[in-house]
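Naming: A, B, ... by sequence-line order, numbering from 1 per chain.
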Amino acid sequence: MVDTNILGCCWIELPSGRWFPRTSTSQFSKTSRCQLEVDVSWQDFISHAPEGDWATVARFRIHSFDIECAGRKGIFPEANVDPVIQIANVIQLHGDGDVLTRNVFTLKSCAPIGHADVFCYDNEVDLLCAWADFVRELDPDIFTGYNINNFDFPYLLERATYLKVSNFEYLGRLLNVRSVIKETVTQTKIGKRTYKTINFEGRVPYDMLLVTKRDFKLRSYTLNSVCQEILGEQKEDVHYSIITDLQNGDEQTRRRLAVYCLKDAELPVRLLRRVLSFTNDVEMARVTGVPITSLLTKGEQVKVVAQLLRHGKQAGYFMPSHQGTGGADQFEGATVIEPVRGYYTDPIATLDFSSLYPSIMIAHNLCYSTLLKSTTAKTKLGLSDDQVTRTPANCTFVRSSVRSGLLPQILQHLLAARKKTKALLKEAKDPVLQAVLNGRQLAYKISANSVYGFTGAQNGKLPCLEISGSVTAYGRAMIEQTKREVEAHYTVANGYESDAKVIYGDTDSVMVNFKVKTLERSMELGREAAESISTKFIDPIRLEFEKVYYPYLLINKKRYAGLYFTRPDKYDKMDCKGIETVRRDNCPLVADVIGTCLRKLLIDRDPGGATNYAKQVISDLLQNNVDISQLVITKELTKNDYAGKQAHVELMKKIKKRDPGNAPKVGDRIPYVITASTKNAKAFEKAEDPIYVLENSIPIDAKYYLENQLSKPLVRIFQPILGDNAESILLRGEHTRTKTVVTSKVGALAGFAKKKEICLGCKSVLPKDRETEAVCAYCRPKESTIYQQELGHHRMLENRFSELFTECQRCQGSLHEEILCTSRDCPIFYIRKKVQMELESSKMKIARFGKPVLQDDEMLSN
DNA sequence: GCGAGATCCTAC
DNA sequence: TAAGGTAGGATCTCGC
């Protein structure tokens, strides 16, 4: 055996020519082989299905369910105390439009439901037993629901164990194998976290909460909010404290609960049908060779490891088991070209390296198995200069003529497979097949891109900073070279109309101002430049012309907006990068205003209209005419211990005391609004739960929203267009005068402040002895007219309220029941609440006019 | 008032 | 044995 460990980081060459890990045999059998075995076990029966066999995917049986438990006030349900009272089930075949079955298992009687079977049980043990039997008989391929991994499944299993329900836990397809909760406690730098995993041999738990969190960037991830965003429909949101009351009522209130529960089981199925994520995940599982569940519960690493194992085995390699060094040295990343900030009314062409990092790794044969670790390795192995490559990061790799690396092979396979899939996609007619192929080509792309990250993951399975550092170093050199080539070639001296200028670039792209007037010419030059510069790089590195921005607003590094053209005749979209419109850490008001202003500026090219609009919004804001749902800021709670004080963290602590059952946990996004308070109060002291604010009429700090939320983003987008007086135009003017704020029901002063009654006609303060009257002496002659006005206003509010009420009833699917919904994601909820308050106050105003006088016809009719 | 540091979220 | 990476803007708190 020849030890050549200088070649490669930890590989040993055996006489047979095969490559084995340097780790001992015992370690190998404990880790690598285990992984290989798991890799081809039953778990990914789907991922090993033949690649062309997409039709089988469409017939998987999906079982979606949702449980309700009777919790206690202020306490999150605990499985050894609070009973499971209902389980709703919805069954569907994947790819089918129609639901096969709907049913609900209830504790105690429940009135019949038109569209679902109802099974009632007198005791909980029978209910759970029957449900488990139902699952086994149904024999689903896929379990789904919303938050089933972290709530419904663990709760059911814990509850069944507590109640000693016999045989409940046999929920998988293997006889005699129980589904058990495995808890792993991990200590990260973020804090202590426990993960729960449950085995269901032969079935795939596919939690839609995990899917939406992974695939969509949303302000809120409640089922309600997600459905609103993705399906465009709301569901009612019943506060957990009401559920117990409904259960303790009669068969009608339990039916009410069952309908609610059924909806929660049905929505995940609809989500699944809409987002096609399962199809994509099946493809991803096939491409990478990872069980589908891992795609939701684990990170990017497992995919790369699985591919390394699969391809490595084929090529005769074994993967070494790496001991995490916990190293913390960072390596240098990509270059971001210093932007030439401004508003461009010339077309700006964008050139991109496609799949930059994968193509670098292929082009330079960067791999664990081609790295020369020591400086003497080259001479020791007798390699000549043209057999090795020295990277800009000062690392040496052997060329593919000596040995072709494993990573480049994997990447080539992925890129070639993607190309093939895209060609098939072009010819595909069937929409299901199109979706499958699109998912597959996407999986190939994502897979290829995560290989680089894997080599740079220091706490990962097999980090190799020589590779990742070299990749980024090549990238930096390439973007610089591209910039130089463009600016050197496209000059007046070379016969072009102007000297081209690279105004910005990030990692793998350059934005070029060719200083030409038309889209056509810019595209033509862009294509030409991409073509000619590509020839200066090694295969398969390619620079491509992708799009033209016209006009283009370049605010800062990683912050810009522009109209995106791929053809000269019509823009594809307005593209915003890094600007408030795409960020979730501000309130919707800011995102909407900035979005609208940008559209007015870039699409309509109407700066006047944009400023007027912005001024109007500022005026509305200061006059409290902006709906509270527009002012809700959400931020993610990312850890348990924070160094400094922050609004969302302090609010979380407040809610924990007030309503512990509803307290947010790490990983949740916390919604809050900023309320008016003492003058120099910090923002974290003024943050409050939007619903609490609404229910207690706490005034909003409009000034905060103007000064700390709206003003800077507005100035940033207007300044490049209007110049330095943008700020004075927008923020100082008649429209910024403030109106008095509504008084609060809570707070230190609320008990002392005595509201002075004013005349409903001229708004003058009424003298003390006439406070109960509606108008002052001066307005007395006009009293009838003023009354009519108030009445008209009151009626308008009544109509508005009844419209909103009907809308909520429609949402909850019933027109003759009380509305229980308190969804903090629903704008209608906020408006309904607000109109209700206004209606109350209007009623009181009208009462001040006294009893209607009978002679008045108008009043008689009321 | 200013700068450092923490934090969030995004671009690539 | 849980975990792709770095660059970077914006905002807020806190200490000076």
Trainee: Please report, rounded to the nearest Å, how far the P atom of C:dA10 is from the CG atom of A:D585.
Mentor: 12 Å

Trainee: Any base atoms under 4.0 Å from A:Y357, or only sugar-phosphate, or nothing? Heavy atoms, all strands.
Mentor: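 Answer is nothing: A:Y357 stays at 4.0 Å or more from every strand.
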
Trainee: Starting from P on C:dT6, measure out to CD1 on A:I467 and report it in whole angstrom.
Mentor: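 That distance rounds to 15 Å.
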
Trainee: Just how far, in rounded Å, is P of B:dA11 from OH of A:Y560?
Mentor: 8 Å

Trainee: OP1 or OP2 of C:dG5 sitting under 4.0 Å from any side-chain N/O of A:T455?
Mentor: no

Trainee: Expressed in angstrom and rounded to an integer, what is the separation of A:I594 atom CD1 from C:dA10 atom P?
Mentor: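 From A:I594 CD1 to C:dA10 P: 12 Å.
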
Trainee: Where does the angle between the aromatic ring planes of A:F200 and A:F153 fall among parallel (under 30°), tilted (30 to 60°) and perpendicular (over 60°)?
Mentor: tilted

Trainee: Relative to the ring of A:H648, is the ring of A:Y672 parallel (under 30°), tilted (30 to 60°) or perpendicular (over 60°)?
Mentor: parallel

Trainee: What does nucleotides 11-16 of chain C look like as a protein-contact string, B for base, S for sugar-phosphate only, - for none, at under 4.0 angstrom between heavy atoms?
Mentor: SSSS--

Trainee: What nucleotide among C:dG9, B:dC9, C:dA7 has an atom nearest to a side-chain atom of A:Q330?
Mentor: C:dA7

Trainee: Name the nucleic acid region contacted by A:K303, choosing base, sugar-phosphate or nothing; use a 4.0 angstrom heavy-atom cut-off, strictly under.
Mentor: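 Touches nothing.
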
Trainee: Categorize A:R219 for me: base, sugar-phosphate, or nothing, with a 4.0 angstrom heavy-atom threshold over every strand shown.
Mentor: nothing

Trainee: Any cation-pi pair here, A:K639 with A:Y642, using under 6.0 Å and within 45°?
Mentor: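 Cation-pi check for A:K639 and A:Y642: passes.
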
Trainee: Find the distance A:K182:NZ to C:dA2:C1' and express it as a whole number of Å.
Mentor: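 So the two atoms are 12 Å apart, to the nearest Å.
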
Trainee: Looking at B:dC9, I'd like to know if its phosphate oxygens (OP1 or OP2) sit under 4.0 Å from a side-chain N or O belonging to A:K558.
Mentor: no

Trainee: Using atom CG of A:N449 as one end and atom C1' of C:dT6 as the other, report the distance to the nearest whole Å.
Mentor: 15 Å

Trainee: Determine the contact category for A:F353: base if any of its heavy atoms lies under 4.0 Å from a base atom, sugar-phosphate if only primed atoms, P, OP1 or OP2 are that close, otherwise nothing.
Mentor: nothing

Trainee: How long is the line joining CD1 of A:I446 and P of B:dC12, in whole Å?
Mentor: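 It works out to 17 Å between those atoms.
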
Trainee: Would you mind reading off the distance between A:L462 atom CG and C:dA3 atom P, rounded to a whole angstrom?
Mentor: 16 Å

Trainee: Answer yes or no: does a side-chain N or O of A:K298 lie under 4.0 Å from OP1 or OP2 of C:dT1?
Mentor: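 Negative; the distance criterion is not met.
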
Trainee: Strictly below 4.0 Å: does A:K557 bring a side-chain N or O up to OP1 or OP2 of C:dG8?
Mentor: yes

Trainee: Could you tell me whether A:V451 contacts a base, only the sugar-phosphate backbone, or nothing, with contacts defined as non-hydrogen atoms closer than 4.0 Å?
Mentor: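 Answer is nothing: A:V451 stays at 4.0 Å or more from every strand.
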
Trainee: If you take all heavy atoms of A:E580 and A:A591, which pair is closest and at what distance?
Mentor: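 Looking at all heavy atoms of both residues, the closest pair is O-CB, 3.9 Å.
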
Trainee: Regarding A:G456, tell me which of base, sugar-phosphate or nothing describes its non-hydrogen contacts under 4.0 Å with the strands shown.
Mentor: sugar-phosphate

Trainee: Are A:F397 and A:H364 an aromatic pair, judged by ring center distance below 6.0 Å?
Mentor: no

Trainee: Taking only the side-chain heavy atoms of A:N459 (C-beta and beyond), determine which of C:dA3, B:dC8, B:dC12 contains the nearest atom.
Mentor: C:dA3

Trainee: Can you confirm whether the side chains of A:E485 and A:Q481 place a donor and an acceptor under 3.5 Å from each other?
Mentor: yes

Trainee: Apply the test side-chain contact (heavy atoms from CB on, under 4.5 Å) to residues A:L554 and A:Y344: give CA-CA distance (whole Å), side-chain angles for both, the deciding distance (0.1 Å), then the verdict.
Mentor: CA-CA 8 Å; A:L554 180 52; A:Y344 294 87; 4.2 Å; yes

Trainee: Under 4.0 Å between a side-chain N or O of A:R583 and OP1 or OP2 of B:dC8?
Mentor: no

Trainee: Which pairs would a plain distance check flag for residues 350-361 of chain A, meaning a side-chain donor or acceptor within less than 3.5 Å of a matching protein atom at least two apart in sequence or in another chain?
Mentor:
| from | atom 1 | to | atom 2 | distance (Å) |
| --- | --- | --- | --- | --- |
| A:S359 | OG | A:S355 | O | 2.9 |
| A:S359 | OG | A:L356 | O | 2.9 |

Trainee: Between A:Y642 and B:dC8, does any side-chain N or O lie under 4.0 Å from OP1 or OP2?
Mentor: yes

Trainee: Which nucleotide sits closest to the side chain of A:D508: C:dG4, C:dA10, B:dC12?
Mentor: B:dC12

